[in-house]
Amino acid sequence: MTDSSVSSGLKPVPRPGVMDAPIYVPGTHIDESGGDVAILSANENPAGASPMAVDAAGEAAKGLHRYPDGGSVALRQALGELHGLDPDRIICGAGSDELITFLIRAYAGPGDEVLYSQHGFAMYKITALTVGATPVAAPETDLRTDVDAILSMVSPATKLVFIANPNNPTGSYLSRDEVAKLARDLPGNVILVLDAAYAEYVSRNDYGAGEDLVDQYPNVVMLRTFSKIYGLASLRLGWGYGQPDVIGAMNRLRSPFNVNVPAQLAGLAAVRDQAFVEKSRTDNERWLGWMTAQLTELGLHVPPSVGNFVLAGFADEETANRASAFLEGRGIVPRKVGGYGLPTYLRITVGLERECRMLVDGLKAFLSEESGS
Ligand SMILES: *Cc1c(COP(=O)(O)O)cnc(C)c1O
């Protein structure tokens with residue numbers, strides 16, 4: 001018997017761009033069953049999820065043989081009620097990552113440009129590459145998204161602009177007015193994606209997640225997630241809000257049962273437990289402030305953050321890498337952000353009080369060892 005696929009020398013070749021895309025490197029996780037560790041690498045909610053959401057996910061285990069409601073109807077209804085939005089203009093996804101993929105697949109291909117901010121969330125670039133589109137990064141000023149820089153880089157090939165607001169990993173945010181200017185000045189054929197994964201954490205009067213801009217402009221989409229303040233990262237659940245044409249395009253790329261039953265039921269229970277969200281927000285605010293002050297006092301550069309994480313800047317890349325290894329040796333896991341063009345920084349999630357104290361003690365020990373050597 002001959003093996004024709006081998007003898008012919010033919011082999012399958014992925015579409016242009018696929019093999020150019022780097023594989024996303026997630027924050028490190030370590031075994032936490034043993035106790036005194038602090039996983040501060042993935043911006044997860046250190047308090048877990050609402051007990052009601054945990055119960056709902058458990059209940060869902062009784063029906064694992066049934067397909068989900070493909071339209072996530074009850075969940076979209078609850079989200080619509082909570083945020084005052086039309087559920088028909090909401091789409092649910094397996095994490096907001098999946099919704100980013102739908103948007104890029106729907107609107108970009110070879111020859112098109114996908115524009116984002118210099119230190120913007122990694123998935124915009126990675127996903128653009130997978131469809132053969134050209135990723136374009138606009139420079140930032142002081143680790144902040146620069147609306148004028150973005151506008152100046154829009155070309156006839158630009159199909160989508162992605163803004164994480166607040167941005168990960170910098171923690172900075174754009175005001176409602178700055179985002180409104182971007183929405184107003186972008187050409188109407190360019191999709192503006194407002195990725196508001198950390199919106200619930202922000203308590204600034206001049207911040208908005210962008211629902212109002214979606215209502216005003218047919219090319220604006222807002223993305224949200226259950227992975228951060230809701231503490232449901234493992235279930236993979238996110239949602240988007242846009243005008244009917246955009247949501248219609250995304251729904252055509254959605255597989256029929258993209259959001260599983262445990263995710264839908266836990267998401268629904270989580271939406272109904274806003275007390276949990278509120279407590280997570282106030283706890284974060286307290287320990288974010290504390291961590292920022294402590295790390296700054298240690299001489300590290302900590303840009304102001306409105307999220308549930310901070311950047312901590314060291315003298316140079318080698319010192320940042322040594323700090324990361326030192327902390328990991330003590331069971332404290334930060335996130336390296338060299339991949340985001342920030343090799344002298346580590347990103348650190350705001351943990352529980354115990355974890356924040358472990359982190360600060362760890363960095364104190366590291367810095368005194370460094371100055372002694
Ligand atoms: C964490 C994060 C997401 C959320 O991803 P999921 O796929 O919903 O878990 C989206 N955007 C940004 C900027 C993030 O930091």
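The first residue of the sequence shown is numbered 1, and numbering continues consecutively from there. Whatever order the structure lists ligands and atoms in, that order sets their numbers, starting from 1.
Per-residue contacts place R236 under 4.0 angstrom from the following atoms of ligand 1 (heavy atoms of the residue considered): 6 (P), 7 (O), 9 (O). Set against the non-hydrogen atoms of G95, the atoms of ligand 1 under 4.0 Å away are 6 (P), 7 (O), 8 (O). Close approach of ligand 1 to A197 is summarised as follows: ligand atoms under 4.0 Å from at least one heavy atom of the residue are 2 (C), 3 (C), 10 (C), 11 (N), 12 (C), 14 (C).
At a 4.0 Å heavy-atom cut-off, ligand 1 does not touch F226 at all. Counting heavy atoms closer than 4.0 Å to ligand 1, residue E98 contributes nothing at all. When heavy-atom distances to ligand 1 are checked against a 4.0 Å cut-off, D97 comes that close through both its backbone and its side chain. At a 4.0 Å heavy-atom cut-off, ligand 1 touches S227 through the side chain alone. Here M123 has no heavy atoms under 4.0 Å from ligand 1, in either its backbone or its side chain.
Distance from atom 1 (C) of ligand 1 to its nearest protein heavy atom, with residue and atom name: K228 NZ, 1.3 Å. For atom 4 (C) of ligand 1, the closest heavy atom belonging to the protein is S96 OG, 3.2 Å. Nearest non-hydrogen protein atom to atom 11 (N) of ligand 1 is D195 OD2, 2.6 Å.
Counting side-chain heavy-atom gaps under 4.5 Å among Ile, Leu, Val, Met, Phe, Trp and Tyr, F276 is found in no cluster with other residues.
Between atom 15 (O) of ligand 1 and the options F309, W239, Y198, the minimum heavy-atom separation is to Y198.
Among V214, L99, L194, L103, the one residue that satisfies the side chain to side chain contact (heavy atoms under 4.5 Å, CB included) test with V221 is L103.
Side-chain polar atoms of K228 and Y198 form a donor-acceptor pair below 3.5 angstrom.
A chain of hydrophobic side-chain contacts below 4.5 Å, direct or via other Ile, Leu, Val, Met, Phe, Trp or Tyr residues, connects W239 to V277.
In this structure, R357 forms a cation-pi arrangement with W290, its terminal cationic atom sitting closer than 6.0 Å to the ring centre and no more than 45° off the ring axis.
In this structure, R322 does not pair ionically with E369, as no charged nitrogen and carboxylate oxygen lie closer than 4.0 Å. The existence of a salt bridge linking E211 and R224 is confirmed by a sub-4.0 Å separation between a basic side-chain nitrogen and an acidic carboxylate oxygen.
Partners of Y116 according to the ring-ring contact (aromatic ring centres under 6.0 Å, His included) rule, which considers only residues two or more places apart in sequence or in another chain, do not exist here.
Taking distance alone, with nitrogen or oxygen atoms compared against 3.5 Å, T225 approaches ligand 1 more closely than that limit.
Counting non-hydrogen atoms of neighbouring residues, nucleotides and ligands closer than 6.0 angstrom, the CD atom of E278 exceeds 12 such neighbours.
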